[in-house]
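Please read the structure below before turning to the comments.
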Amino acid sequence: MTLKLLQPWFAAGLHFSCTGCGNCCTGGPGFIWINDQELGRLAAFLKMSVQEVQQKYCHRIGRKLSLNEKKPNARGEYDCIFLKEVPAGTELNGQKLTITKRICEIYPVRPLQCRTWPFWDENLFTPEDWASAAAKRCPGMNAGQKKSKDWIIARRDATEWPAD
Ligand code: SF4
Ligand code: SF4
């Protein structure tokens, strides 16, 4: 077997730059896993106790915790409890928005699952998997900055928050 055959299909890298559209924070009902350490960080960020955060924003699935989702919106999609729509015209970070945006209210402490999207195993098996994930409304994929193979693998296999 040649070395080339051992390379992943994305050995030449992939382009990705998040546009902040919020599409990956909504959709069909699902899970937004959060571990104990992340829960502690979220509680500190919200200036609440871990117990309060868990009661107000999380539900248990077996031994794991997931963030809650809101009731289906007008499009029949389930937004993460921390996804907030900011209408066009609103001042955000010193700039007036020209379009309506959806932002994560806990962005600095969002869970690993959110930090590593779309570089998940299931999206990286084959080019078709990557294309299929991109088609699920992630405009950041195949656009913007080029990410190296090593960067992609580190993100895919991360067990702790990667540096942004
Ligand atoms: S769907 Fe893609 S571009 Fe939009 S917020 Fe999520 S990662 Fe960023
Ligand atoms: S925690 Fe933030 S980034 Fe993660 S799904 Fe919710 S809104 Fe999106």
Side-chain angles (χ1 to χ4, degrees), residues 10 13-48 50 52-61 64-88 90 92-93 95 97-124 127 129-148 151-164:
F10 51 81
L14 291 168
H15 288 268
F16 174 73
S17 281
C18 178
T19 65
C21 71
N23 283 354
C24 57
C25 309
T26 188
F31 304 111
I32 308 144
W33 302 118
I34 182 163
N35 66 28
D36 288 347
Q37 193 180 19
E38 291 170 330
L39 188 66
R41 290 165 176 167
L42 177 57
F45 182 77
L46 296 174
K47 299 190 172 44
M48 294 168 72
V50 165
E52 284 170 330
V53 171
Q54 195 170 325
Q55 268 171 5
K56 194 165 177 190
Y57 298 116
C58 305
H59 61 285
R60 191 164 283 287
I61 308 287
K64 292 165 78 175
L65 275 184
S66 172
L67 295 180
N68 293 339
E69 292 169 314
K70 298 175 192 169
K71 293 196 176 118
N73 61 25
R75 295 178 291 275
E77 296 171 329
Y78 295 75
D79 293 349
C80 170
I81 193 77
F82 290 114
L83 185 63
K84 184 178 175 188
E85 195 157 296
V86 187
T90 308
L92 186 68
N93 301 329
Q95 285 188 328
L97 292 181
T98 53
I99 53 164
T100 295
K101 286 201 102 174
R102 288 180 296 170
I103 60 163
C104 171
E105 291 186 289
I106 58 158
Y107 192 79
V109 292
R110 67 202 187 284
L112 182 69
Q113 171 177 331
C114 310
R115 289 168 185 270
T116 53
W117 169 265
F119 298 95
W120 294 355
D121 239 351
E122 67 206 61
N123 297 336
L124 287 168
D129 293 324
W130 181 256
S132 152
K136 285 182 197 148
R137 305 179 310 147
C138 177
M141 295 168 75
N142 303 321
Q145 286 177 5
K146 186 169 183 175
K147 307 295 188 187
S148 71
W151 186 96
I152 294 165
I153 289 173
R155 186 88 14 158
R156 181 194 66 188
D157 299 343
T159 54
E160 174 54 292
W161 292 0
D164 282 326

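Whatever order the structure lists them in is the order used to number ligands and atoms, beginning at 1. Just so it is clear, the values below take in all heavy atoms, side chains as well, and ignore hydrogens, waters and symmetry mates.
The local environment of CD in Glu122 is crowded, with over 12 non-hydrogen atoms from other residues, nucleotides or ligands closer than 6.0 Å.
When each atom of ligand 1 is checked for a heavy atom of Gly140 under 4.0 Å away, the hits are 3 (S). Ligand 1 places these atoms under 4.0 Å from at least one heavy atom of Trp117: 7 (S). The ligand atoms of ligand 1 that sit less than 4.0 angstrom from a heavy atom of Thr19 are 3 (S), 8 (Fe). Heavy-atom proximity to Gly22, at under 4.0 Å, picks out these atoms of ligand 1: 4 (Fe), 5 (S). Interface atoms of ligand 2 facing Phe82, defined by a heavy-atom separation under 4.0 Å, are 7 (S).
With 2.8 Å as the limit, Cys114 counts as an N, O or S neighbour of atom 4 (Fe) of ligand 2. Backbone or side-chain N, O or S atoms of Cys24 reach atom 6 (Fe) of ligand 1 at under 2.8 Å.
Using a 4.0 Å cut-off between heavy atoms, Ile81 makes no contact with ligand 2 at all.
Using a 4.0 Å cut-off between charged nitrogen and carboxylate oxygen, Lys70 and Glu85 do not count as a salt-bridge pair. Arg110 has no carboxylate O lying under 4.0 Å from a charged side-chain N of Glu105, or vice versa, which leaves the two without a salt bridge.
For Arg137, the heavy-atom gap to ligand 1 drops under 4.0 angstrom.
Counted by atom type alone, Glu38 and Trp161 present one or more donor-acceptor pairs between their side chains at under 3.5 Å.
Protein heavy atom in closest approach to atom 2 (Fe) of ligand 1: Cys138 SG, 2.3 Å.
In this structure a side-chain-to-backbone donor-acceptor pair under 3.5 Å is present from Ser148 to Trp151.
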